[in-house]
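The next block holds one structure in the form of structure tokens; read it before the comments.
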Amino acid sequence: MRLALFTDTFLPQTNGVARTLSRLTGHLNRRGIEHLLFTPKSSPEDSYPDPVRPIASIPFFLYPECRLALPSMSSIQNQLKSFQPDLLHMATPFNIGLCGLRYAHKHGLPHVASYHTHFDRYLEYYRMRPIVPLYWKYMKWFHRSCDATFAPSQETVSTLSRQGIERLKLWSRGIDCRMYSPDKRNARRVREQYGIAAPLVLLYVGRIAPEKDIATLLQAMRQLPESLAAGIHLLVVGDGPLLPELRANAPHNVTFTGAKHGEELAELYASGDLFVFPSSTETFGNVVLEAMASGLPVIAAGAGGSKELILPGVTGRLFEPQNPGALVEEISKIADQPVQRAAMGVEGRRAALGRSWEQIFDGLITDYEEVIDNRRVKSRAGIFTA
């Protein structure tokens, strides 16, 4: 199999799509599967591994840290002609993804897409709700010819199905339980570093952006009963457009650490006591799984893909999305229950151990092979038209 991947985000950008695709390319290398990956250039060209083909780009106006590619179709076509892919995978539906889709159509090649982000829900946070119908019209056109569309959760599969997108397959996500582990707990050092005296440390990890419902979390911190608030401190880990504003106006028991990566991030996860995640726009919820692997109980919004990771009362709790009072209620129920929190953390870790990246990526490769084989059968039968 020779695979061509197309994505509008990749490392060093820090989001679930970029990290998942980075892991996928590593797995393809280990399995000996030749591949190319086209992505907007966001760091020096010599910093990309060989399969990656960086393309000139500019910052995206809504998210300056995200890039809009300025692709040369002729250059991409020449590279693809030389490579001769058996399958094209469009991981995002914008500039780079369109290049892959056009090439697949032109040459009648098997092609698949994956759906990673509920952009329709994002638009509501940026006061662009009127264009949601146009968004879905475009998405249905983009996915119409695909041999398969991969989605990371059953919630996302159902959402796409309701919009009329067909040939849906579940492509879930895994977790590196060696990287994220309770063994990396160093609560004393973390407390000293951030000046935390409160006995209970809440942790949030993710982008500091409107669609992550950070406002709900901070409002909940302000609404905590005084007796409870005195014993709780919230660590907010991440970066994004809202960081300066929220940092300036946050309650005294909230600390923003900025973006953290690697071992430092793993230590922060393991050193918290309770993970809180208010986002209702997730297609999966990678950070929820990272927290579970680190042995933390999780309180998450009961919406999107995150809710599928939590078994209420066993690995954590769910609360009504965008309802600070409901979040306060769930925090209050287990804030002074260390035995219950510890038991939830153990169960969360156990659930995470069952999610191997190797198994998930091998399943994706099997799906790739099935798509290629089905195309060959249809081509021989003369019933397929690109």
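Only heavy atoms go into these numbers, but all of them, side chains included; no hydrogens, no water, no symmetry mates. None of the values given here were measured: they were computed from a predicted structure.
Contact record, Arg207 with Gly240: NH2-CA, 4.1 Å, taken as the closest heavy-atom pair. In terms of heavy atoms, Leu243 sits closest to Gly238 at CD2-O, 4.1 Å. Closest of all the heavy-atom pairs between Asn286 and Gly16 is ND2-CA, 3.7 Å. Closest approach of Ala303 to Pro321, counting heavy atoms only: CB-CG, 3.7 Å. Between Phe10 and Leu21 the shortest heavy-atom distance is CE1-C, 3.8 Å. Heavy-atom minimum distance, Tyr126 versus Pro210: OH-CD, 3.4 Å.
Using a 4.5 Å cut-off on side-chain heavy atoms (C-beta onward), Phe284 and Thr20 make no contact. Within the 4.5 Å cutoff, side-chain heavy atoms of Ile55 are placed close to those of Ile76. Between Thr281 and Tyr125 there is a side-chain heavy-atom pair separated by less than 4.5 Å. Residues Asp147 and Asn374 fail the side-chain proximity criterion, which asks for heavy atoms closer than 4.5 Å. Using a 4.5 Å cut-off on side-chain heavy atoms (C-beta onward), Arg350 and Thr315 make no contact. Here the side chains of Ser332 and Leu228 are in contact, with some heavy-atom distance below 4.5 Å. No side-chain heavy atom of Glu370 sits under 4.5 Å from any side-chain heavy atom of Arg375. Within the 4.5 Å cutoff, the side chain of Pro278 has heavy atoms near those of the Leu217 side chain.
Remark: Glu124 CD is packed, more than 12 non-hydrogen atoms of other residues, nucleotides or ligands lying under 6.0 Å away. With a 6.0 Å radius and a threshold of 12 heavy atoms from other residues, nucleotides or ligands, Lys137 has its NZ atom at or below the threshold. The number of heavy-atom neighbours closer than 6.0 Å to CZ of Arg222, taken from other residues, nucleotides and ligands shown, is above 12. Around the CZ atom of Arg189, the shell of radius 6.0 Å holds more than 12 heavy atoms that belong to other residues, nucleotides or ligands.
Counting only N and O atoms by type, the side chains of Thr25 and His27 include no donor and acceptor under 3.5 Å apart. Checking Asp213 against Ser280 by side-chain atom types alone, a donor-acceptor pair falls below 3.5 Å. In this model, no donor atom of one side chain and acceptor atom of the other lie less than 3.5 Å apart for Arg53 and Thr39.
Within the model, atoms CG of Leu109 and NZ of Lys106 stand 11.5 Å from one another, a figure rounded to the nearest 0.5 Å. Interatomic distance, CZ of Phe319 versus OG1 of Thr216, reported as 6.5 Å (0.5 Å rounding). Of the inter-residue distances, the one linking Ile214 atom CD1 with Gln219 atom CD reads 13.5 Å to the nearest 0.5 angstrom. For the atom pair Arg2 CZ and Leu88 CG, the distance stands at 12.0 Å (nearest 0.5 Å). To the nearest 0.5 Å, the span separating CG on Asp86 from CG on Leu3 amounts to 9.0 Å. We find the NE2-OG1 distance between His116 and Thr9 to be 10.0 Å, quoted to the nearest 0.5 Å.
A donor-acceptor pair under 3.5 Å links the side-chain atoms of Glu308 to the main chain of Gln154, judged by distance alone. Remark: side-chain polar atoms of Asp239 are not paired, donor with acceptor, to backbone N or O of Gly258 under 3.5 angstrom. In terms of modelled atom types and a separation under 3.5 Å, the side chain of Gln84 and the main chain of Lys81 share a donor-acceptor contact. Under the 3.5 Å distance criterion, the side-chain polar atoms of Arg247 are matched with a main-chain donor or acceptor of Phe256. Ser153 places a side-chain N or O within donor-acceptor distance of the main-chain N or O of Thr156, the cut-off being under 3.5 Å. Remark: side-chain polar atoms of Ser181 are paired, donor with acceptor, to backbone N or O of Asp183 under 3.5 angstrom.
Residues Ile360 and Tyr180 do not share a hydrophobic cluster, clusters being chains of Ile/Leu/Val/Met/Phe/Trp/Tyr side chains in contact below 4.5 Å. Put simply, Val201 and Val288 are part of the same group of oily side chains (I, L, V, M, F, W, Y) that touch within less than 4.5 Å, one to the next. Under the 4.5 Å side-chain heavy-atom criterion for grouping Ile, Leu, Val, Met, Phe, Trp and Tyr, Tyr122 is not connected to Val287 through any hydrophobic cluster. Note: the hydrophobic cluster containing Trp357 does not contain Met292 (ILVMFWY, side chain heavy atoms under 4.5 Å, direct or indirect links). In terms of hydrophobic clustering, with Ile, Leu, Val, Met, Phe, Trp and Tyr side chains grouped at heavy-atom distances under 4.5 Å, Trp141 and Leu123 are assigned to a common cluster.
With respect to Arg31 and Asp362, a salt bridge is recorded, a charged nitrogen being found less than 4.0 Å from a carboxylate O. One finds a salt bridge joining Arg317 and Glu330 here, because a Lys/Arg side-chain nitrogen approaches an Asp/Glu carboxylate oxygen to under 4.0 Å. Residues Glu192 and Arg188 are not paired through a salt bridge, judged by the lack of any N-O separation under 4.0 Å between the basic side chain and the carboxylate.
Counting only residues at least two apart or in different chains, side-chain hydrogen bond (donor to acceptor under 3.5 Å, both in side chains) contacts with residues 293-307 are absent. Within the structure, salt bridge (Lys or Arg N to Asp or Glu O under 4.0 Å) contacts touching residues 271-286 (residues at least two apart or in different chains) are Arg185-Asp273, Arg191-Asp273, Lys212-Glu282.
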Donor-acceptor pairs are to be reported for all side-chain atoms of residues 162-169 against protein atoms at under 3.5 Å, with residues two or more places apart or in another chain.
unit_1: Arg162; atom_1: NH2; unit_2: Thr159; atom_2: OG1; d: 3.4
unit_1: Arg167; atom_1: NE; unit_2: Cys146; atom_2: O; d: 2.8
unit_1: Arg167; atom_1: NH2; unit_2: Arg144; atom_2: O; d: 2.6
unit_1: Arg167; atom_1: NH2; unit_2: Cys146; atom_2: O; d: 3.3

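Between Phe275 and Tyr269, the two ring planes are tilted [angle within 30° to 60°].
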**OP:** Start with the C-alpha distance between Arg121 and Glu155, add both sets of side-chain angles, then the distance that settles salt bridge (Lys or Arg N to Asp or Glu O under 4.0 Å), and finish with yes or no.
**Re:** CA-CA 14 Å; Arg121 300 176 192 178; Glu155 186 272 345; 2.7 Å; yes
Subject >> Residue pair Phe142, Tyr115: steps toward the ring pair (Phe, Tyr, Trp, His ring centres under 6.0 Å) verdict >> reply: CA-CA 11 Å; Phe142 187 92; Tyr115 189 93; over 10 Å; no
Original post:
Run the side-chain hydrogen bond (donor to acceptor under 3.5 Å, both in side chains) check on His143 and Thr149 step by step: do they pass?
Top reply: CA-CA 7 Å; His143 289 269; Thr149 291; 2.9 Å; yes
Original post:
Under the side chain to side chain contact (heavy atoms under 4.5 Å, CB included) criterion, do Val190 and Glu267 qualify, and how do the steps go?
Top reply: CA-CA 8 Å; Val190 169; Glu267 182 184 78; 4.0 Å; yes
**OP:** Verify side chain to side chain contact (heavy atoms under 4.5 Å, CB included) between Thr7 and Ile96, making sure each step is shown before the conclusion.
**Re:** CA-CA 6 Å; Thr7 175; Ile96 300 293; 5.8 Å; no
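Aromatic ring centres of His35 and His89 lie farther apart than the 6.0 Å criterion allows. His107 has its ring centre less than 6.0 Å from the ring centre of Tyr103. Aromatic pair Tyr138/Tyr135: ring centres not closer than 6.0 Å.
The side-chain contact (heavy atoms from CB on, under 4.5 Å) test with His233 singles out one residue from Asn253, Leu200, Val254, and that residue is Asn253.
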